Structure formats: C-alpha cells, structure tokens
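Below, each value reflects all heavy atoms present in this structure, side chains not excepted, and no hydrogens, waters or symmetry copies. Just follow the structure's listing: the first ligand is 1, and inside any ligand the first atom is 1. This is a predicted model, so every value here is computed, not measured.
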Amino acid sequence: MPSPTIVWFRRDLRLADNPALSAALELEGPLILLYILEEAADGERAMGGAQAWWLDKSLQALAKSIASRGGTLTLRRGPPESILPQVTRETGARTVVWNRRYGATEREADANLKARLKDDGIAVETFNGNLLTEPWTVKTGSGRYYKVFTPYWKTVRANFTAPAPRPAPERLNTVEPSGDDLGAWGLHPIDPDWSIGFEPVWTPGEDGALDRLEAFLSSGLSAYAEHRNRPDIDTGTSRLSPHLAHGEIAPATIWRTVRQAMQDGRRNIDEESAWVFLSEVVWREFSYVLLFHNPDLATQNYNPGFDAMPWRDSDDDYERWCHGQTGYPIVDAGMRQLWQTGWMHNRVRMIVASFLTKHLLLPWQKGEAWFWDTLVDADPASNAASWQWTAGSGADAAPYFRVFNPITQGEKFDETGDYVRTYCPELKNLPRKVLYAPWTADKATLAAAGVELGKTYPFPIVEHKHGRERALAAYDDVKARKTT
Ligand code: FAD
C-alpha cells in the first residue's frame, strides 16, 4: 500500500487552484486532509473574533465539499510541531505538503517544522498558493524590493501570467485519523452572539467565493473604475476580501478569470475598469512585499520619523470611534457597518483611519488592532500596510498633511446618502445638505427629522478645523525635531 500524504490546510481553504493539494493528488496513496487550529505563539497575536466566525463557516463548507467527493476533513487543535509528527506516526504518512505563509513568525515556525519532519524521514513540499508573485521574486532594476506601488504594479502587470487552472478533484480518497469536532472549538460567538448581522451578508467557503466573483463579473466589474469609491453602491466593489483572506479563492483564479473575460469579449468588460480592479488585487501583493521585508509592520512605524509623533491617549475618544459615536455621520456609518457586517468599504476605511490618526491624534496601532478583531477580511499584511499608509507612516503613504475632511468626503462619495441612512438610521430623515454635518442644521430641520443632538445622535467629538490644525501642528513638531 502506498503511504498517505498529509495536505495541511492553513489560509487556503479551497480545493481548486490549490497547488499543495494538486501536488498531493499526483502522488500515489490516499490523502489526509488536515486543518490545525493553532494557538497564537509567543510574539504572535490571536485570531480576531470576526475571523474566527468566518473560519468556523469556511471549515464547515470545506468539510462538506470534501465529503461530497467521498473524503473527510480532519480537524486537530494544538501546536503543529506536535500535531504533524503525531499524525505521521498514527497514519504512516511519508509526505507533508502545504502552501507557504509570509509573516516572520510563521515562516520561522514552518522552517523549523520542515527541518524536524525531514529529520524524521518525512518529505515536505511547499508551494505558492496565496499570492500571484511571492514577495522575494519581484525586484527593482537594482535588485531591491519595491517600496513604491506604481512601478511594482507596472512590473507585475507586464510579467505575470496566471498558471493553468487546477480544477477541484472530482473524487477524494482520504485516510481519517481521529479528529476534533468543529463545534467544540467554540469559534462561533455566543453570549452575546454579536455575529447576527454577518449571516445575511456573507457566504463563507469556496462556492461562496466563486459565486461572488461571478456576480461581480456580471454586474460590478465594468463600472468598477467609476463606482469603486461609492460606499452607497453595493456592487461597486467585489467584496472578495474575506474570501481571499481565508484562501477560499486564489488570486491567480481572479487574475485568470478577469483576463479571460477581457479577452473573450463576451461580457463587454470595460478594459480600464478591469485593469483598475486587477491593480487593487496587486495592492494586496504589495502589502505582502512590505510585510515580508518589515516583519513588525503591524506594530512599528515603517517610517521611523513617526516614532516621535506626540500621539494622544484618550480611552474615551477611542471607544467613541470604535462604536460609531463620533458625531461625524460618515465615520460613524463606517464603524457601524464594520461592527454589524464585519466589513467596511475601502473609501470609508480611509476616512475612519484618517479621522482616528489625524482628527483624534490617536496611534494608528489602536485602529489596526480594532480592525484586526472586527474585520472578517483581517489580513496581517493588508491591514498593517493600509493603516500605515493612511496614517502617513507607511511605504508610498498618503502624506500626513492630507487630512480627509469627514464632511466633504461624505458629501462626495455617499452620493445618494443611502450609506449613512442605512448605518445611522437615527439621521435618515435629515435632508442631504446637512446629513454629513447635522450640527449645522437649524432647529426646525432637526426637529422635523426627529434628531436631537446630544440625545439621539452625538455632537461632534472634535471640531473639524481644530482637529485638523492639531494634527498638522503635531506633524510639524515631528518634522522640526527630525531636522534639529
Ligand atoms: P475590491 O475593491 O473589490 O478589490 C479586490 C481585492 O483587492 C480585495 O478583495 C483585496 O484583496 C484587494 N485590495 C483592494 N484594495 C486593497 C488595498 N488598499 N490594500 C490591499 N489590498 C486591497 N484589506 C484586507 O483584505 N484586509 C484588511 O485587513 C484590510 N485592512 C484595511 C485597513 C485600512 C485602514 C484600509 C484603508 C484598507 C484596508 N484593506 C484591507 C484594504 C481594502 O480596504 C480592502 O481590501 C477592500 O475594501 C476589500 O473590499 P473588496 O473585496 O470589495 O475590494
């Protein structure tokens, strides 16, 4: 009997375009399809609550999909350095395969594990399953990593070709060592179950991801360039991020499908929109380049000049920001969308992040940590890189002095007012001209809309002009200190 091969699933919870799984299927012998729930190691942070919710559903979907092909997904909990050798001993497996990860602690743990398994005579093969191009492969003319997005994007666009599709196998022949029961892992929140708003919005799992891509190709992609900054348009962006974050769809699948749709002309895809969309997918890649070369990206300023930033410390302001009670409707709508659905539109992420780091002058790390816990798409690279980008401390970042105006941003991008009215229903009867600054409305308008400032909706936490000037003064102070 040929010995079994262990396929270790991590952030690649899918059967199609999964290079590790494909490689295992080419070997003789049955498979052990294994997911290990890892405790956070020292120096690592635990999975956020919203991610745990998603993981629970994604594992259910993966298990179902494997079962429909005649196999079983095995679940184990604990340190992989104990579990994997244990499973090889229990089953006689001689090979372990996985798709690579890119965080520093993860890479170190994987390298140690690989060495240990090899010492035990177990073959280990690893693959790129989660990126178009791995962080060390795309280099500038002088052999360095790219620190600026546009030239990086141009290089990827000119050189990347998606690999041939690897369809999901029709049948799976698996060996099933004893495993855990998913329900016993307690990933779904109870008491309170704050995830009620997630169910109607998301379908975690590979089928949900492929359906989402298909729907976006049919009714979102062609208007992407025009609508991607419009939080009031549901189909304005793909909402593929949580699927990508859990590896339910490979970026290569997205690239190949979009390029094919552009080339075959059947769907009348607008070329410009399609390239803008693919460039956004490549922002994710760029974030991984930054994380790979800057392992502390989620905690340390990429630009050390920001170490001297005189951040404020106000638990009260932070709490009000977290819970959508700042008195700025576009900020509050975003923070409430995040809490209710586990996701926030990109334009609004930039607005709320700018508001936290500039108007409130609170450290970007606090915002990053809140997003980490509440986003279903929380991603170690994109979250850290995007927070630093907005705060001004990141690579190729928005300049610190560009302070988003939370009033005009709302007026400009929530064009219909539907976004604020959905997430701040207490303001839904306000006319649009005061919707983003309710304190500017006269008494009669507020009364007619049933809004009582300070009671039904808060006064602004900070006056816009004051917040902006305080932020700019802090930045000037840092600049002055750097040059003296
Ligand atoms: P689409 O516009 O349809 O884009 C397609 C895909 O491209 C996305 O699914 C995503 O994988 C990628 N992408 C798009 N924009 C970006 C970007 N700016 N940076 C990196 N990748 C991008 N994205 C995450 O996936 N996880 C995070 O934890 C995360 N945290 C963020 C924090 C802040 C402060 C900001 C400003 C942005 C953050 N983003 C994060 C990036 C971006 O907001 C989301 O990827 C996007 O909103 C997801 O929605 P979508 O799938 O509809 O995107």
Side-chain angles (χ1 to χ4, degrees), residues 11 45 47-48 50-51 54 130-132 149 152-153 156 201-202 209 212-213 215-217 219-221 223-231 233-251 253-255 257-258 273-291 297-298 321 331 334-335 337-338 341-358 364-398 404 409:
R11 278 189 177 238
R45 67 180 159 178
M47 189 188 329
Q51 285 176 78
W54 191 286
N130 291 330
L131 292 174
L132 301 174
F149 177 72
Y152 175 78
W153 158 236
V156 174
V201 186
W202 303 110
R212 182 73 74 171
L213 176 61
F216 180 65
L217 283 175
S219 54
L221 181 58
Y224 185 76
E226 197 188 332
H227 289 167
R228 73 194 181 96
N229 276 310
R230 294 276 306 273
I233 299 180
D234 279 351
T235 54
T237 68
S238 71
R239 303 194 182 208
L240 280 164
S241 53
H243 299 288
L244 273 164
H246 291 83
E248 296 167 354
I249 189 164
T253 310
I254 298 177
W255 185 282
T257 313
V258 171
S273 271
W275 281 117
V276 175
F277 174 68
L278 291 177
S279 78
E280 293 301 321
V281 174
V282 171
W283 264 106
R284 176 177 174 272
E285 306 272 318
F286 185 58
S287 304
Y288 272 94
V289 171
L290 297 176
L291 178 71
L297 198 65
W321 175 83
V331 175
M335 298 309 291
Q337 180 183 36
L338 174 61
T341 69
W343 185 87
M344 193 196 301
H345 188 279
N346 181 58
R347 167 59 49 179
V348 192
R349 292 188 203 205
M350 293 194 285
I351 299 170
V352 305
S354 168
F355 191 82
L356 182 83
T357 54
K358 297 177 186 178
W364 61 263
Q365 289 91 339
K366 291 197 82 153
E368 199 274 346
W370 180 254
F371 270 33
W372 179 259
D373 199 26
T374 52
L375 275 172
V376 285
D377 65 24
D379 179 280
S382 298
N383 199 33
S386 301
W387 269 97
Q388 294 231 38
W389 185 89
T390 319
S393 61
D396 199 8
F404 278 128
Q409 287 282 312

[X] vs [Y] side-chain heavy atoms within contact, under 4.5 Å:
X    : Y    : answer
V352 : M344 : yes
F216 : V258 : no
S238 : L213 : no
L375 : R349 : yes
W370 : L338 : yes
Q409 : M350 : no

Which ligand 1 atoms, with their elements, are less than 4.0 angstrom from a heavy-atom of [X]?
X    : value
L375 : 27 (C), 28 (O), 30 (N)
A378 : 28 (O)
L244 : 9 (O), 11 (O)
W387 : 32 (C), 34 (C)
M350 : 36 (C)
D379 : 26 (N), 27 (C), 28 (O)
L240 : 9 (O), 51 (O)
S241 : 9 (O), 25 (O), 48 (C), 49 (O), 51 (O)

[X] side chain to [Y] main-chain N or O, any donor-acceptor pair under 3.5 Å?
X    : Y    : answer
W343 : Q337 : no
N383 : E368 : yes
N130 : R11  : yes
W202 : T341 : yes
T237 : R228 : no

Classify the ring geometry between H246 and W54 as parallel (under 30°), tilted (30 to 60°) or perpendicular (over 60°). parallel

Return the residue, atom name and 0.1 Å-rounded distance of the protein heavy atom closest to [atom].
atom                    : answer
atom 33 (C) of ligand 1 : S386 CB, 3.4 Å
atom 40 (C) of ligand 1 : R349 NH1, 3.3 Å
atom 15 (N) of ligand 1 : E280 OE1, 3.1 Å
atom 21 (N) of ligand 1 : R284 N, 3.4 Å
atom 43 (O) of ligand 1 : N346 OD1, 2.7 Å
atom 17 (C) of ligand 1 : W283 CB, 3.8 Å
atom 6 (C) of ligand 1  : V281 CG2, 4.1 Å
atom 26 (N) of ligand 1 : D377 O, 2.9 Å

N383, T235, V276: member with heavy atom nearest to atom 31 (C) of ligand 1: N383

Can you figure out which of S354, G236, S238 has its heavy atom closest to atom 3 (O) of ligand 1? S238

Under a heavy-atom criterion of less than 4.0 Å, does [X] contact ligand 1?
X    : result
Y224 : yes
F277 : yes
R239 : yes
A245 : no
W343 : yes

For T390, is at least one N or O under 3.5 Å away from an N or O on ligand 1? no

Please name the residue in the list W255, Y224, W283 that meets the ring pair (Phe, Tyr, Trp, His ring centres under 6.0 Å) test with F277. Y224

Reported CZ-to-OH distance for the pair F149 and Y152, which is rounded to 0.5 angstrom: 8.0 Å

N-O pairing of D377 and R284 below 4.0 Å: no

Taking 4.0 Å as the limit for heavy-atom contacts, which would you say applies to F216 with ligand 1: side chain only, backbone only, both, or neither? neither

